[in-house]
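The structure under discussion appears below in the form of C-alpha cells.
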Amino acid sequence: MPELPEVETVRQGLVPAMEGAVIDALEQRRPDLRFPFPAGFAERLTGRTIIGLGRRAKYLLADLDDGALLIMHLGMSGSFRVEDGTIQTPGIFYHPRDKQAAHDHVVFHLSNGKRVVYNDPRRFGFMDLVRRADIATTPHLAGLGIEPVGNAFDGVTLHGLFAGKRTPLKAALLDQRLVAGLGNIYVCEALHMAGLSPERAAGTITAEEAGRLATAIREVLGAAIAAGGSSLRDHRQANGELGYFQHSFRVYDREGEPCPNLACSGVVTRTVQSGRSTFHCLTCQR
DNA sequence: GCTGTAACCTGTCGGC
DNA sequence: TGCCGACAGGTTACAG
C-alpha cells in the first residue's frame with residue numbers, strides 16, 4: 001500500500017490518539033514482521049509517553065519520553081486503526097470478517113482509553129526501536145534522500161540528483177536514496193503530469209524538465225494527501241475511512257483508456273520496468 | 001559503482 | 001464452485 005501520502009494520512013489520523021498518551025500496555029502477537037522485533041520490544045515501550053508522532057519518507061517516527069524513537073514502516077499492506085470505548089466490536093472498520101483480525105500483530109493500549117492496532121496481512125512492514133540521538137546512523141533512515149514535500153525539494157535539486165544517471169527516470173524516482181517517499185503510483189502520475197517518459201535516462205532531463213517534474217511531484221503528493229491517500233486494496237485511514245485519490249488517477253491502472261491530457265490523442269499503455277507496472281502515454285510523455 | 005532481478009508473505013482476481 | 005496462476009502500493013540482497 002503505502003506511499004508517502006498514505007503514510008502522512010495515517011500519521012495525521014494517529015496523532016490525536018497517540019500524542020501525549022502513555023503506553024499502558026503493548027500486545028506483540030508474533031515475534032516478527034518483515035524483521036524480528038527488537039529484544040524486549042513490548043517491555044521497552046510499556047510505560048513510555050509518546051511525545052510526538054512524525055514522518056520521514058514512508059516511515060512513521062514516534063518520539064518517546066526516554067529518548068527512544070519508535071520506527072514503524074507499513075510495508076505493502078500495513079495499516080493502523082484506532083479503537084476506543086465507543087466501539088464495541090474489534091475490527092469494526094473492516095467488513096466483519098474474522099480472518100482480518102488474524103493479521104492484527106501489535107496493539108497499543110493507551111492511557112486515554114484508546115487502542116491503536118497495527119494490521120499487516122503480508123507482513124512486509126516492520127517496527128524498530130533506536131535512540132533518537134542515533135537517528136543519523138540508523139540503517140533505515142541514514143541513506144534516505146530528499147523529502148519531496150520539503151522546502152528544499154525543487155527542480156534544481158532534482159536536476160543535480162539525476163545528473164549523469166543512466167537509469168530510467170521511473171527507477172531513479174523510486175530510488176529512496178535520491179528522493180525518499182515516492183512509490184509506483186505517484187511516480188507514474190507525476191511523470192504523466194510533467195509529460196516525461198518513464199523510460200528516459202534520468203541524466204538526460206533538462207533543468208526546465210526537472211523543474212516541471214518537481215512541480216508535478218509536489219502537486220500529485222499534495223492532492224493525494226488532501227484526498228486521504230489512495231485506497232486500492234489495503235489502505236485505510238486510521239479512522240477506518242477509505243482514501244479517494246484513486247478516483248483522480250491520470251494513468252495508474254488505466255491501461256487502454258484515452259490519455260487524460262485533452263491535447264493528446266494517445267492511449268494509456270502498461271509496460272513493465274524492473275518487474276513493476278508502469279502506466280504512461282507513449283504520445284505525450286517524451 | 002550501477003543496474004536489474006528475485007525474494008519476502010498473503011490476499012484478491014480472473015480464467016478455466 | 002473450486003482450483004490455479006498472476007499480480008499487488010516496498011525494500012533489500014545479490015548477480016552481472
Side-chain angles (χ1 to χ4, degrees), chain A residues 1-10 29-36 55-60 71-80 94-95 97-105 118-128 138-145 148 161-191 198-203 220-221 224-225 227-237 242-249 251-255 270-279:
Chain A
M1 135 188 120
E3 302 185 31
L4 189 152
E6 287 74 36
V7 177
E8 177 58 23
T9 299
V10 168
R29 297 180 174 172
R30 53 176 301 121
D32 59 4
L33 293 170
R34 178 180 175 86
F35 307 117
R55 178 192 59 75
R56 171 74 171 103
K58 300 172 191 171
Y59 294 86
L60 285 169
I71 302 174
M72 298 174 281
H73 195 290
L74 304 178
M76 295 270 272
S77 59
S79 63
F80 282 96
Y94 297 109
H95 294 291
R97 291 175 297 180
D98 288 341
K99 64 180 182 179
Q100 282 285 9
H103 303 296
D104 289 349
H105 303 309
Y118 177 71
N119 181 286
D120 189 354
R122 292 170 71 182
R123 302 205 302 272
F124 282 4
F126 62 87
M127 296 187 187
D128 199 4
T138 299
H140 304 305
L141 307 176
L144 289 176
L161 286 171
F162 287 173
K165 298 261 179 223
R166 286 177 299 175
T167 191
L169 262 181
K170 167 89 181 290
L173 288 169
L174 285 174
D175 188 341
Q176 303 299 300
R177 296 168 300 181
L178 300 176
V179 181
L182 296 175
N184 205 33
I185 292 177
Y186 298 112
V187 165
C188 291
E189 295 297 297
L191 283 171
E199 295 173 347
R200 230 173 107 175
V220 166
L221 295 181
I225 292 170
S230 306
S231 294
L232 295 185
R233 292 168 185 81
D234 303 303
H235 172 63
R236 283 169 187 269
Q237 301 177 51
L242 298 172
Y244 52 90
F245 188 71
Q246 67 277 10
H247 303 303
S248 303
F249 286 165
V251 290
Y252 186 82
D253 208 20
R254 295 196 183 279
E255 181 182 16
R270 176 183 176 272
T271 59
V272 176
Q273 288 180 285
S274 304
R276 310 192 61 186
S277 292
T278 295
F279 296 90

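Residue numbers begin at 1 in each chain, while the letters A, B, ... track the order of the sequences.
Under 3.5 Å, the side chain of Arg166(A) and the base of dT3(B) form no donor-acceptor pair of N or O atoms. Residue-to-nucleotide contacts include a donor-acceptor pair under 3.5 Å from the side chain of Arg34(A) to the base of dC8(B).
Looking only at distances, no side-chain donor or acceptor of Glu3(A) sits under 3.5 Å from a matching main-chain atom of Gly181(A). Here the side chain of Gln273(A) pairs a donor or acceptor atom with the backbone of Pro198(A) at under 3.5 angstrom.
The P atoms of dC14(C) and dC9(B) are separated by 16 Å, rounded to the nearest whole Å. Remark: the separation of the P atoms in dT5(B) and dC7(C) is 14 Å, to the nearest Å. Comparing the same atom, C1', in dA6(B) and in dA6(C) gives a spacing of 16 Å after rounding to whole Å.
Note on Arg276(A): a side-chain N or O is less than 4.0 Å away from OP1 or OP2 of dG9(C). Between His103(A) and dG11(B) there is a side-chain polar atom (N or O) within less than 4.0 angstrom of OP1 or OP2. When the side-chain nitrogen and oxygen atoms of Ser77(A) are compared with OP1 and OP2 of dG11(B), none of them lie within a distance under 4.0 Å. When the side-chain nitrogen and oxygen atoms of Thr167(A) are compared with OP1 and OP2 of dG4(B), one or more of them lie within a distance under 4.0 Å. Listed pair Arg122(A) / dA8(C) fails the phosphate criterion, with no side-chain N or O lying under 4.0 Å from OP1 or OP2. In this model, the phosphate group of dG10(C) is not approached by any side-chain N or O of His73(A) to a distance below 4.0 Å at OP1 or OP2. Gln176(A) has a side-chain polar atom (N or O) that falls below the 4.0 Å cut-off from OP1 or OP2 of dT11(C).
When the P atom of dC2(B) is taken as reference, atom CG of Asp175(A) falls 10 Å away, rounded to whole Å. Atom P of nucleotide dA8(C) and atom CD of Glu3(A) are separated by 13 Å, given to the nearest angstrom. Between Leu74(A) atom CG and dA8(C) atom P the separation is 20 Å, expressed in whole Å. Arg177(A) places its CZ atom 10 Å from the C1' atom of dT3(B), with the value rounded to the nearest Å. In this structure, Asp253(A) places its CG atom 11 Å from P of dG14(B), rounding to the nearest Å. In this structure, Leu144(A) atom CG and dT12(C) atom C1' are separated by 13 Å, rounded to whole Å. Put simply, NZ on Lys165(A) is 8 Å from C1' on dC2(B), counting in whole angstrom units. The distance between atom CG of Leu33(A) and atom C1' of dT11(C), rounded to the nearest whole Å, is 14 Å.
Between dC2(B), dT11(C), dG9(C), one nucleotide has an atom nearer to the side chain of Lys58(A) than all others, and that is dT11(C). Closest to the Tyr252(A) side chain, of the nucleotides dG9(C), dG10(C), dG4(B), is dG9(C). Minimum atom distance to the side chain of Arg270(A) is reached by dC7(C), of the listed dC7(C), dC2(B), dG10(C). The side chain of Tyr59(A) lies closest to dT12(C) when the candidates are dA8(C), dT12(C), dC9(B).
Arg177(A) CZ: 12 or fewer foreign heavy atoms inside a 6.0 Å radius. For Arg166(A), the CZ atom counts as loosely surrounded, since its 6.0 Å shell holds 12 or fewer non-hydrogen atoms of other residues, nucleotides or ligands.
Relative ring orientation between Tyr118(A) and His105(A) is described as tilted, the plane-to-plane angle lying within the 30° to 60° band. Note on ring orientation: taking the six-membered ring where Trp is involved, the planes of Tyr186(A) and Phe249(A) are perpendicular (angle over 60°, cut-offs 30° and 60°).
Across all strands, Pro168(A) comes closer than 4.0 Å only to sugar-phosphate atoms, never to a base (heavy-atom distances).
Across all strands shown, dA13(C) pairs with dT5(B); the Watson-Crick or G-U wobble distances both stay below 3.5 Å. As the counterpart of dG5(C), dC13(B) is assigned, both hydrogen-bonding distances of the Watson-Crick or G-U wobble pattern falling under 3.5 Å.
Taking the 5.5 Å centre cut-off and the 30° plane limit, the aromatic side chain of Phe124(A) is not classed as stacked on dT11(C).
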(request) Could you go through the side-chain contact (heavy atoms from CB on, under 4.5 Å) check for Arg276(A) and Leu174(A) one step at a time? (result) CA-CA 11 Å; Arg276(A) 310 192 61 186; Leu174(A) 285 174; 4.3 Å; yes
